[in-house]
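Residue numbers start at 1 and run along the sequence shown. Below, all heavy atoms of this structure are taken into account, side chains as well, without hydrogens, waters or symmetry copies.
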Amino acid sequence: FRLRRAGVGGATSADVSAVLFDGAMTLCVAGHVTGLIATWPRVVDAAGRSIRTQLAWLHLLRGFWKLNTSYLAVKTSCAPIFAVQLLDAYWPAVWVTNETATAVAEAAPYWMIALELTIGLCMLCGQGRLGRVGTTLGLLLYIGSALTPPPNSGVMEAIVMATRFFWFA
């Protein structure tokens, strides 16, 4: 199928992610029903490993995919728009100057790449301390996405992604 901007009949990255995560869980449950996976704890363990791996690779690839001149350029990247919107909406107005907004806009693409690569690398480490660091950074990323004012708010993606982070608990 073809991905389009969210709208009537369109699929977002959150929709695709939800299908992948839920598909992994469904396959693990089917494995139990058919006798391939013997016990429920093993079903949960298999599903958890699968979903943790999907989350890690998703964030790694999102960070890697952004390593291009269009994303790194302030005039063509979406990162400065989101960052400046958050700055405008939640930072005290007396602290926001043209210099501050410009600095945030110029740094935003690099922050996003570093953040998503770090989330993915930490999540690849599993359920230990680094996995929890990746989960915490991921939650911060999706809280920021959800708090971004309309029309660029990423509330649905934040809900889909953050609700799967319990697999790192």
Side-chain angles (χ1 to χ4, degrees), residues 1-68 70-72 77-79 81-83 86 108-169:
F1 63 97
R2 194 173 144 212
L3 296 179
R4 295 177 292 207
R5 292 287 277 160
V8 177
T12 66
S13 62
D15 297 330
V16 174
S17 298
V19 168
L20 291 174
F21 300 145
D22 295 345
M25 186 66 194
T26 302
L27 287 175
C28 291
V29 170
H32 178 66
V33 171
T34 60
L36 295 174
I37 302 176
T39 64
W40 277 109
R42 293 181 109 187
V43 169
V44 172
D45 184 53
R49 278 194 319 269
S50 175
I51 292 171
R52 284 190 299 273
T53 302
Q54 287 178 30
L55 282 166
W57 280 105
L58 174 80
H59 287 91
L60 271 174
L61 293 174
R62 284 171 63 159
F64 178 76
W65 191 256
K66 290 175 179 160
L67 292 171
N68 62 67
S70 295
Y71 189 80
L72 294 173
S77 177
C78 61
I81 296 168
F82 288 100
L86 285 168
Y110 298 97
W111 290 344
M112 281 304 302
I113 291 170
L115 181 60
E116 288 193 316
L117 289 174
T118 302
I119 291 168
L121 288 171
C122 288
M123 284 183 170
L124 275 179
C125 294
Q127 291 177 283
R129 181 178 299 164
L130 286 176
R132 288 190 297 275
V133 168
T135 302
T136 302
L137 292 173
L139 287 172
L140 290 174
L141 169 70
Y142 293 113
I143 288 169
S145 179
L147 290 176
T148 302
N152 296 318
S153 181
V155 172
M156 288 311 299
E157 180 185 26
I159 291 169
V160 167
M161 301 304 284
T163 56
R164 275 39 179 214
F165 286 177
F166 76 88
W167 290 102
F168 286 92

Kindly give the heavy-atom pair with the smallest separation between [X] and [Y], and that separation in Å.
X	Y	value
A24	S50	CB-OG, 3.3 Å
T163	F166	O-CD2, 2.8 Å
A158	A146	CB-CB, 3.9 Å
A108	A83	CB-CB, 3.7 Å
L86	G144	CD2-O, 3.7 Å
W167	A47	CH2-CB, 4.0 Å

Item to complete: Report the relative orientation of the aromatic rings in H59 and F165; use parallel for angles under 30°, tilted for 30 to 60°, perpendicular for over 60°.
Response: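 Rings of H59 and F165: tilted, as their planes differ by 30° to 60°.
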Worksheet entry | Contacts of type salt bridge (charged side-chain N to carboxylate O under 4.0 Å, His left out), residue R52, not counting sequence neighbours |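 In terms of salt bridge (charged side-chain N to carboxylate O under 4.0 Å, His left out), with neighbours along the sequence ignored, R52 is linked to no residue.
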Worksheet entry | Heavy atoms of other groups near M156 CE, more than 12 under 6.0 Å |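 No, CE of M156 has 12 or fewer neighbouring heavy atoms, counting only those of other groups under 6.0 Å.
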Practice prompt. Count the heavy atoms of every other residue, nucleotide or ligand shown that sit under 6.0 Å from CH2 of W111, and state whether that count exceeds 12.
Written response: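 More than 12 within 6.0 Å, yes.
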Fill in: Any side-chain heavy-atom pair of N68 and L72 under 4.5 Å
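The answer is no, as the side chains (C-beta and beyond) never meet within the 4.5 Å cut-off.
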Worksheet item: Do M161 and L58 come within less than 4.5 Å of each other through their side chains, counting heavy atoms only?
Response: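 Side-chain contact under 4.5 Å: yes.
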Quick check for you: to the nearest 0.5 Å, what is the distance between [X] atom [atom1] and [Y] atom [atom2]?
X	Y	atom1	atom2	value
T34	L27	OG1	CG	10.0 Å
L139	S145	CG	OG	12.5 Å
F21	Q54	CZ	CD	5.5 Å
L20	R164	CG	CZ	10.5 Å

I'd like a table of donor-acceptor pairs (distance under 3.5 Å, sequence neighbours excluded) in which one partner is a side-chain atom from residues 113-121, with atom names and distances.
residue : atom : partner : partner atom : Å
E116    : OE1  : K66     : NZ           : 2.5
E116    : OE2  : R62     : NE           : 3.1
E116    : OE2  : R62     : NH2          : 3.2
T118    : OG1  : A114    : O            : 2.7

Practice prompt. Evaluate side-chain contact (heavy atoms from CB on, under 4.5 Å) for M123 paired with F168, printing each intermediate quantity in order.
Written response: CA-CA 8 Å; M123 284 183 170; F168 286 92; 3.6 Å; yes
Worksheet item: Are M112 and Y71 close enough, and set up right, to give a side-chain contact (heavy atoms from CB on, under 4.5 Å), and what steps lead you there?
Response: CA-CA 10 Å; M112 281 304 302; Y71 189 80; 3.3 Å; yes
